[in-house]
K.L.:
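Take a look at the following structure, please.
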Amino acid sequence: MPLALSEGFHAGGLYVLALLGFGVALAAGIGALSHQHERAFSAALIYVLLGALGALSLSILDVSPIDPVRDHGLVERLAELALVVAVFSAGLSVERQVRRRSVISVAILLLVVMPLTVALIALFGYYAMGLSFGAAMLLGAVLAPTDPVLAGDVGLGPPGTEPVGEPRFSLHVEAAINDGLASPFVVVGLFVATRGGTSWIGEWIWADVIYAVGIAIVLGAALGAGAAWVVTRARARGLMSPALDGFAAIALVLFIYGLSEFVGSYGLIALFVAGVAFRRYEYEHEVNARFHQGAEVAGTLLELLVLLLLGSMLTREGMSIPGWSGWLLAPLLILIIRPVLVLASSGPGLASLRERFFLGFFGVRGVAALFYAAIVVSSGALSRDEANVVVWTTIACVVVSIFIRATSTALSKSLLNADPRSR
């Protein structure tokens, strides 16, 4: 019951304070997003800091904060919602003409850089952090995907904007696809942690790679093109109001993701393919921009909500769990492992040195890592101690990644603008 309806004088409780705090956070997010491209910081950084301020307020009020291990279900579902909308929106942004150079660049990032990143993180987790091999593999898989929203202002723009250069395209598409492509690597880690040996390899190849990835691609392409056919004809006949395009986009996202997951495929991969197929059906149709706008706004707000939650989970006890080695992994991954792998795997004939440095440096970690870390906890494959280390090391890497990425927008623009091949 509202306190104003109670007898006498009353002060608000925690629920009212939570509403107040969320209102302030939403207002701050709107302000940050409004001119994000003009600043040297991002809304993501603001939301993590606001969440951390909320955590401090909770400690003063002697209220237990949300724990990423104990409350893994909340983290998983909220991150999942943010991802599904963001990945579909990213698919809608893909330009019509995709050059051979771009395809090769994305393939290298997904098929060479990503698996090697998993392997190097796993080796570090095993030898430097003292994790079991299964836990180390899971840590590598959790930290493998990059984030399509957090890299948004150096990636592709909405439908109808001018085409951007190859490095932005590669970073954008890689981030959209590897959110789903991380799933088979997570399954490998779960197999190693629970079964050991190699008897599971055949099952993994057929069920978790060939079937799950293949069905996701087929479903995504069919549902994306089919939805575009239905929507464009419904619009032409006046059966669907343009004002509801944003809601229709969310409905389509939930339908595709639910169906693809129901049949045992990877919903995130299906959603990206669906976004691309939807855009290709009638490339210049105005519905593409309106669908993208609705999905992008919802995806960005959900992602910022996840980051607000991330900041609110930061506690001194939790941040001490990764130890010096876990905190060392964060800058090692962002400043050494990925940049070195990108520089080594992409020759000068494919990309200039500036482009390769851009691709290597701006592979920011974000919501996908939190999503898969929560899945690892819910699987029960690890002991509580190792699950704590994996989750809090993931949080450390995401926080450090956001801070580095959020304060280096000017660097990204100078790298691209100084290289004519990037435009």
K.L.:
Roughly how far apart are Ile402 CD1 and Leu49 CG, rounded to 0.5 Å?
P.N.:
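Taking CD1 in Ile402 and CG in Leu49, the distance rounds to 9.5 Å.
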
K.L.:
Which pairs count as salt bridge (Lys or Arg N to Asp or Glu O under 4.0 Å) when at least one residue sits in residues 118-132, sequence neighbours excluded?
P.N.:
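For residues 118-132, and leaving out neighbouring residues, there are no salt bridge (Lys or Arg N to Asp or Glu O under 4.0 Å) pairs at all.
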
K.L.:
If you look at every heavy atom in Val87 and Leu268, which pair is closest and at what distance?
P.N.:
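The answer is CG1-O, 3.2 Å.
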
K.L.:
Leu223 and Phe255: which non-hydrogen atoms are nearest, and at how many Å?
P.N.:
CD2-CE2, 4.1 Å

K.L.:
Kindly state each residue pair satisfying side chain to side chain donor-acceptor pair (under 3.5 Å) with at least one member in residues 387-402, sequence neighbours excluded.
P.N.:
none

K.L.:
Minimum heavy-atom separation for Pro184 and Gly180, please, with both atom names.
P.N.:
CD-O, 3.8 Å

K.L.:
Is there any salt bridge (Lys or Arg N to Asp or Glu O under 4.0 Å) pair reaching into residues 177-195, and which pairs are they, with sequence neighbours excluded?
P.N.:
Arg195-Glu203

K.L.:
What's the verdict on side-chain contact (heavy atoms from CB on, under 4.5 Å) for Leu328 and Phe124, showing C-alpha distance, side-chain angles and the deciding distance?
P.N.:
CA-CA 10 Å; Leu328 177 62; Phe124 184 89; 4.2 Å; yes

K.L.:
So for atom CZ, which belongs to Phe247, do other residues, nucleotides or ligands contribute more than 12 heavy atoms lying within a distance under 6.0 Å?
P.N.:
no

K.L.:
Would you check if the side chain of Ser265 reaches a backbone N or O of Ser260 as a donor-acceptor pair within less than 3.5 Å?
P.N.:
yes

K.L.:
Check side chain to side chain contact (heavy atoms under 4.5 Å, CB included) between Leu116 and all other residues, then give those that pass, not counting sequence neighbours.
P.N.:
Val112, Leu341

K.L.:
Just jot down the ring-ring contact (aromatic ring centres under 6.0 Å, His included) partners of Trp200, sequence neighbours excluded, or say none.
P.N.:
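Residues passing ring-ring contact (aromatic ring centres under 6.0 Å, His included) with Trp200: Phe191.
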
K.L.:
Can you pull out every side chain to side chain donor-acceptor pair (under 3.5 Å) where at least one residue sits in residues 324-344? Sequence neighbours excluded, please.
P.N.:
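Applying side chain to side chain donor-acceptor pair (under 3.5 Å) to every pair that reaches into residues 324-344, excluding sequence neighbours, yields Glu174-Arg338.
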
K.L.:
Enter the distance from Leu109:CG to Leu171:CG here, rounded to the nearest 0.5 Å.
P.N.:
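Rounded to the nearest 0.5 Å, the CG-CG separation comes out at 8.0 Å.
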
K.L.:
Which atoms form the tightest heavy-atom contact between Met313 and Asp67, and what is the distance?
P.N.:
SD-C, 4.5 Å

K.L.:
For the residue pair Ile210 and Trp204, establish whether any side-chain heavy-atom pair is separated by less than 4.5 Å.
P.N.:
no

K.L.:
To check you understand the geometry: which heavy-atom pair defines the closest contact between Val186 and Leu138, and what is its length?
P.N.:
O-CD2, 3.4 Å

K.L.:
What pairs meet the salt bridge (Lys or Arg N to Asp or Glu O under 4.0 Å) rule with one or both residues in residues 130-142, with sequence neighbours excluded?
P.N.:
none

K.L.:
Are the side chain of His172 and the backbone N or O of Ala90 linked by a donor-acceptor pair below 3.5 Å?
P.N.:
yes

K.L.:
With heavy-atom distances below 4.5 Å as the criterion, would you say the side chains of Leu181 and Pro145 are in contact?
P.N.:
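Answer no - side chains too far apart.
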
K.L.:
Between the main-chain N or O of Arg365 and the side-chain N or O of Asp147, is there a donor-acceptor pair closer than 3.5 Å?
P.N.:
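Checking the backbone N and O of Arg365 against the side chain of Asp147, no donor-acceptor pair under 3.5 Å is found.
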
K.L.:
Pro339 versus Phe357: any side-chain heavy-atom pair under 4.5 Å?
P.N.:
no

K.L.:
Let me confirm one number: the CG-CD distance from Leu310 to Glu303, rounded to the nearest 0.5 Å.
P.N.:
10.5 Å

K.L.:
Could you list the residues that satisfy side chain to side chain contact (heavy atoms under 4.5 Å, CB included) with Asp385, not counting sequence neighbours?
P.N.:
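Asp385 satisfies side chain to side chain contact (heavy atoms under 4.5 Å, CB included) with Ser383 once adjacent residues are dropped.
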
K.L.:
Go through the structure and list residues passing side-chain hydrogen bond (donor to acceptor under 3.5 Å, both in side chains) with Tyr266, not counting sequence neighbours.
P.N.:
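By the side-chain hydrogen bond (donor to acceptor under 3.5 Å, both in side chains) rule, Tyr266 matches no residue at all.
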
K.L.:
Sequence neighbours left out, what pairs pass side chain to side chain donor-acceptor pair (under 3.5 Å) with at least one residue falling in residues 307-320?
P.N.:
none

K.L.:
Is any side-chain heavy atom of Phe371 closer than 4.5 Å to one of Leu78?
P.N.:
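In short, these two side chains do not touch, never coming nearer than 4.5 Å.
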
K.L.:
Rounded to the nearest 0.5 Å, what's the gap from CG on Leu190 to CE on Met137? Could you check?
P.N.:
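Those atoms lie 10.0 Å apart.
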
K.L.:
So, using salt bridge (charged side-chain N to carboxylate O under 4.0 Å, His left out) as the criterion, who are the partners of Arg384 when residues are at least two apart?
P.N.:
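For Arg384, no residue satisfies salt bridge (charged side-chain N to carboxylate O under 4.0 Å, His left out) once neighbours in sequence are set aside.
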
K.L.:
Please report the interatomic distance OG(Ser105) to CZ(Phe169), rounded to the nearest 0.5 Å.
P.N.:
9.0 Å

K.L.:
Please find the pair of heavy atoms, one from Val390 and one from Ala135, that lie closest to each other, and give the distance.
P.N.:
CG2-O, 3.9 Å

K.L.:
Would you check if there is a donor-acceptor pair between the side chains of Ser132 and Tyr126 at a distance under 3.5 Å?
P.N.:
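No.
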
K.L.:
Listed by chain and number, what are the salt bridge (charged side-chain N to carboxylate O under 4.0 Å, His left out) partners of Glu76, not counting sequence neighbours?
P.N.:
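For Glu76 there are no salt bridge (charged side-chain N to carboxylate O under 4.0 Å, His left out) partners, ignoring immediate neighbours.
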
K.L.:
Once you round to the nearest 0.5 Å, how far does CG of Leu83 lie from CG of Leu370?
P.N.:
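Answer for the CG-CG pair, Leu83 versus Leu370, is 9.0 Å.
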
